[in-house]
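The basis for the numbers below is simple: all heavy atoms, side chains too, and nothing from hydrogens, waters or symmetry mates. Order of the sequence lines fixes the chain letters, A, B, ..., with proteins taken first and strands second; residue numbering starts at 1 for each chain.
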Amino acid sequence: MADTITLLVTRYRPDTEAEPTVAEYEVPLRKDWAVLDGLNHVKDQLDGTLSYRWSCRMGICGSCGMTVNGEPRLSCATFLTEFAPGPVRVEPLANFPIVRDLVVDIDDFLRKLPTVKPWIVRHVDWVEDGEYLQTPDEQSAYQQYSMCINCMLCYSACPVYGVDPDFLGPAAIALAQRYNLDSRDHGAADRLDVLVHPEGVWGCTFVGECTRACPKGVDPAGAIQRYKLTAAMRSVRALLLPWGAR
Amino acid sequence: MTATRARAYRQAVPRLWWLRRRSYLLFMLRELSCVFVAWAVLFLLLLLKAVGNGHVDYQRFLDWAAKPWVIAVNVLALAFLVFHSVTWFNLAPKAMVVRVPKQMLALAPKAIVRRLPEGRVPGWLIVAQNYVAWVFVAAIVAGLVMRSGS
Amino acid sequence: MRRRARPIEPFLWLLFSAGGVLAALFLPVVVLLFGVVYPLGGIGPPTYPGLHALAAHALTRVVIFIVCVLSLIHWAHRFRFTVLHGLQIGRLGRLVSVFCYGGALVGSLAALVVLVRI
Amino acid sequence: MTATHDVVLVGGGAAGLRAAIEIAEARPELSVAIVSKVYPMRSHTVSAEGGAAGVIAMGDTLDEHCLDTIAGGDWLSDQDAVEYFIGEAPKELVRLEHWGCPWSRQTDGHIAVRSFGGMKKMRTWFAADKTGFHLLHTLFQTSLKYPTITRYDEWFVTRLLIDDDQRVCGVVAFQLATGRIETIEAKAVVLATGGCGRVFPFTTNANISTGDGMALAYRALAPLKDMEFVQYHPTGLPFTGILITEAARAEGGWMLNKDGYRYLQDYDLGTPSPTPVLKSMELGPRDRLSQAFVHEVERGRTIDTPYGPVVHLDLRHLGAEVIDAKLPFVRELCLKYENIDPVTELIPVRPVVHYMMGGVSTDINGATPLRGLFAAGETACVSINGANRLGSNSLPECLVFGARAGRAAAEFAASTRPPDGSTNTQAEDERRRLERLRSRTDGRDRIADIRQQIQQAMEDGAGIYRDHETLAKSADTLGDLAERAATARIDDHSDTFNTELVAALELQNMLDLSQAIIASALQRTESRGAHQRTDFPARDDEQFLAHSLAWREPDSTCRIDYQPVTITRWPPGERLYGR
């Protein structure tokens with residue numbers, strides 16, 4: 001095994017450049033080095049001007065998503081040895097505007113997220129003392145959707161989001177489902193309008209790439225399909241029993 | 001609170017984005033299978049129209065269907081239709097979460113219950129049902145058609 | 001950003017899904033028999049009277065009609081999104097919709113005429 | 001340009017978000033700003049794994065939790081604060097449950113609790129082993145519902161503004177994305193920026209844990225309390241420092257040396273038993289376990305690796321089912337980052353820096369001696385953790401004191417007059433300083449080199465065991481490094497997402513805090529909890545049953561004085577484990 005590997009890193013300096021370019025860096029190739037360690041080596045030793053986000057480097061904070069050799073990945077959990085002898089292409093996440101180098105603008109997601117009301121909605125008052133009961137079975141109904149770390153890999157993998165930036169997108173819908181399926185929540189009706197909007201679940205053509213890209217085993221594609229069925233059945237009921245619906 | 005980020009670089013989606021990754025291409029092919037669904041309907045209607053018009057037209061239809069280009073189109077169509085069936089059947093469990101009623105769970109043997117995560121019918125069982133239905137339907141259609149001719 | 005919600009979308013999706021199921025179950029065997037096996041001459045095609053009798057049966061005609069209509073809606077719905085996303089022509093959305101669902105409607109009427117006249 | 005809010009919260013982790021929600025609920029007429037250098041859901045709270053302690057189980061009592069906490073902290077905790085904290089913790093955890101936190105459950109639907117190190121009863125609530133993650137996202141998502149909360153995501157606060165009446169009345173911050181420097185005025189400021197584990201080379205802490213809030217307060221001449229108490233977590237992965245949660249031991253994991261021997265039995269931590277026994281062996285407190293590791297190294301009974309000596313954490317006897325149900329993240333981390341499967345293999349672990357018991361000195365309301373300035377969470381030192389924090393006390397601390405500091409800040413803001421603009425010169429000074437720094441072209445040392453040398457000095461001087469000589473040497477080294485840091489090289493002069501500028505500012509913060517830690521440790525000539533002096537091995541209640549306060553002097557040196565510990569019902573006693 002060679003002892004170095006080449007990183008081809010996308011650079012974009014809006015002060016001086018009109019569009020992104022590619023810079024080449026040679027970094028040590030070590031068994032336990034992730035792509036992020038390679039980038040840190042570049043920043044610390046070779047070129048202090050390289051900008052990227054990272055924090056926990058244990059795959060839970062969701063900040064270091066990048067496109068590595070064409071695939072959306074968490075750079076802290078993607079090892080350099082996977083790509084030996086290299087080179088490794090490190091690009092910003094696709095489908096988002098590039099702010100600088102490997103940093104993308106994800107404010108679009110943060111604007112959409114509150115529209116699906118990702119919090120517990122109660123129409124009955126709290127039981128002031130003690131917890132709401134929830135059996136492990138009831139919990140497992142929504143558990144996987146609660147694992148989303150907002151890393152944006154699913155948006156980056158989703159071609160529909162790329163073509164139509166108004167699409168609500170995988171993580172936001174999965175999080176809506178996370179609360180819809182929570183036995184403590186009464187807010188499903190409140191989330192309906194946003195979800196059944198043409199830019200909501202109906203925009204999805206079930207490419208399935210979001211689920212494949214997710215590093216936490218959330219299945220947004222499944223969440224969206226399930227919600228389509230729920231919403232469709234609701235519409236049918238509303239049509240057949242117009243007086244009883246909603 | 002965000003400032004305007006006019007200088008952010010908008011990454012354009014290439015017009016042929018679906019050629020850039022194998023998975024995207026497979027997705028596109030899956031979606032394009034609908035064209036062959038439409039073709040199959042058209043083909044079926046042409047057959048039925050011929051049947052409705054009498055045996056001369058029926059023979060003419062059979063001759064037309066035997067033209068090499070029509071056969072070629074149909075072989076391609078068959079491939080896409082099978083691709084459609086397979087992808088459709090495999091994805092079905094994503095949309096449907098079938099729960100086993102509590103009473104049935106209580107009656108079922110422990111060994112089976114343990115294999116039903118969270119009391120749900122596992123995805124592979126739904127997929128398997130789809131394939132059984134496929135074989136069943138195909139056998140009936142083929143049986144009816146072949147028997148009708150003998 | 002958001003347009004008025006179209007309540008028709010869930011129904012289109014349900015019909016699309018039903019069409020997807022029927023197309024997946026019925027169409028491959030039809031194309032296999034009449035498009036590939038018989039033309040290639042491995043087995044002789046059914047005789048005219050037999051096939052006519054089968055096709056003229058009321059149940060057959062009802063089933064075929066349902067398969068045709070739903071499969072065409074399946075095509076229309078899927079093709080609409082394929083064109084919109086694949087060619088990135090969001091602004092022509094309405095035109096594409098008219099072509100697709102209109103096409104499915106015309107096809108369904110044609111199916112009705114053909115089946116009634118058997 | 002100037003923005004104005006009633007309360008500005010610096011930091012968007014558990015404490016900051018909890019404070020924001022508290023203010024939004026209790027005083028919807030006040031405008032709240034959360035200013036954080038990362039998106040809130042990236043905050044380091046996300047990495048907490050094991051759980052949150054709160055008395056709920058039958059047969060457990062608040063007093064027992066108090067005593068465990070106080071004894072765990074080697075009697076340096078303020079007992080009034082501890083009592084308040086422990087009384088509030090279960091209420092806060094239930095509140096989180098009402099907000100949707102997916103706490104792990106018993107089959108009847110009630111909350112499940114697990115055992116944890118140093119705790120005599122099972123009282124740790126958990127959400128599998130991603131407790132911090134679920135807690136943070138629950139808080140973040142809940143916070144989205146309040147229109148009075150404004151977020152400044154990816155804004156870095158560089159200075160507190162103080163008016164002529166010695167009142168904190170806002171901050172100066174710049175937006176990473178644009179480089180825009182702004183004054184954010186407020187009637188009260190709450191610091192909730194977490195800890196500063198990054199001043200050490202091996203740490204479970206995220207890249208962002210550089211102690212920004214502590215340094216802001218310190219430079220504004222608010223004292224830092226008990227900074228010498230640095231917690232080493234006994235089970236971090238070598239190289240990355242990734243945390244393997246204490247829950248792994250609580251569920252029955254064993255610590256083995258190179259002979260496969262459960263060495264903790266040699267360090268007055270009880271006798272081995274096949275199943276976990278509370279407050280014994282592997283469930284002893286973190287300081288004692290980390291110290292035992294050092295002795296094992298000295299005895300040559302550890303395993304050598306390229307990243308230094310390690311011992312083993314053995315989970316194999318728990319079986320795949322327990323590991324997948326209770327410790328799925330541990331398995332995921334081991335597989336992903338060490339390429340080992342804990343179901344069949346031993347996990348190599350070593351003590352790594354995990355938590356700062358010390359922080360900005362506050363009273364029980366989260367108020368600092370500076371009027372208008374509050375602090376909560378790891379940034380603050382109330383103190384409930386004393387000389388050593390018990391595992392699973394920090395998440396509820398963020399909630400309890402986040403809420404309380406939020407409430408206190410809101411009350412202060414509602415009763416005080418708005419800022420009068422008298423700090424405009426300060427803001428201008430700060431703007432010029434930042435612009436000078438960003439455009440500096442004559443720098444010498446690389447930021448990363450200086451940072452690495454700070455970390456080395458801290459490991460050498462303020463590790464698990466300390467003595468006068470090494471501490472004094474580290475103090476000298478840090479003095480040199482401070483001079484070099486003042487002229488560090490900045491290659492990046494861009495105003496768009498300039499992470500090198502951030503790194504330079506963080507470096508200054510880390511240096512200030514390192515000096516405070518070393519100075520505090522030098523002065524405390526006793527051994528207590530996480531502060532172990534080989535030259536003063538005994539606890540000295542005569543002199544040092546007191547909190548150290550580190551004050552910044554005008555010449556940037558650090559002055560230490562002391563403040564008594566509040567003792568109410570639990571007089572100092574001996575810390576006993578395993579019996």
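Contacts between D/Glu332 and chain A at a heavy-atom distance below 4.5 Å involve the side chain alone, from C-beta outward. For A/Cys148, the part lying near chain D is the backbone, with the side chain staying farther off; criterion is any non-hydrogen pair under 4.5 Å. Both the backbone and the side chain of A/Asp32 come within less than 4.5 Å of a heavy atom of chain D. Using a 4.5 Å cut-off between heavy atoms, A/Ile149 touches chain D through backbone and side chain atoms alike. At a 4.5 Å heavy-atom cutoff, the contact between D/Tyr337 and chain A is made by backbone and side-chain atoms alike. With a 4.5 angstrom heavy-atom cutoff, D/Lys91 does not touch chain A via any of its atoms. If you measure heavy-atom distances from D/Ser43 to chain A, you find no contacts under 4.5 Å at all. There is no contact between A/Lys117 and chain D, counting heavy-atom distances below 4.5 Å. For A/Pro14, the part lying near chain D is the side chain, with the backbone staying farther off; criterion is any non-hydrogen pair under 4.5 Å. In this structure, the portion of A/Tyr52 lying under 4.5 Å from any heavy atom of chain D is its backbone and not its side chain. Heavy atoms of A/Gln143 lying under 4.5 Å from chain D are absent altogether. Residue A/Gln134 touches chain D through both its backbone and its side chain, counting heavy-atom pairs closer than 4.5 Å.
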**Request:** Go through A/Tyr142 and A/Arg184 one step at a time and tell me if the side chain to side chain contact (heavy atoms under 4.5 Å, CB included) criterion holds.
**Result:** CA-CA 11 Å; A/Tyr142 69 87; A/Arg184 296 167 290 184; 3.1 Å; yes
**Message:** Between D/Asn498 and D/Arg438, does the side chain to side chain contact (heavy atoms under 4.5 Å, CB included) criterion hold? Intermediate values first, please.
**Reply:** CA-CA 9 Å; D/Asn498 188 333; D/Arg438 185 159 62 198; 4.0 Å; yes
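The number of heavy atoms from other shown groups lying within 6.0 Å of CG (A/Asp15) is above 12.
Taking CD of D/Glu154 as the start and CG of A/Asp105 as the end, the distance is 9.0 Å to the nearest 0.5 Å.
Among residues two or more places apart in sequence or in another chain, the ring pair (Phe, Tyr, Trp, His ring centres under 6.0 Å) test is passed with A/His41 by A/Trp33.
A distance below 6.0 Å separates the ring centres of A/Phe96 and A/Tyr161. Ring to ring, A/Phe109 and A/Tyr155 are close: their centroids are under 6.0 angstrom apart.
Under the salt bridge (Lys or Arg N to Asp or Glu O under 4.0 Å) criterion, the residue pairs touching residues 493-502 of chain D are B/Arg7-D/Asp495, with sequence neighbours excluded.
Of the listed residues (A/Val103, A/Asp37, A/Asn150), the one with the most heavy-atom contacts under 4.5 Å to chain D is A/Asn150.
Under a 4.0 Å N-O distance rule, the pair D/Arg451/D/Asp449 does not qualify as a salt bridge.
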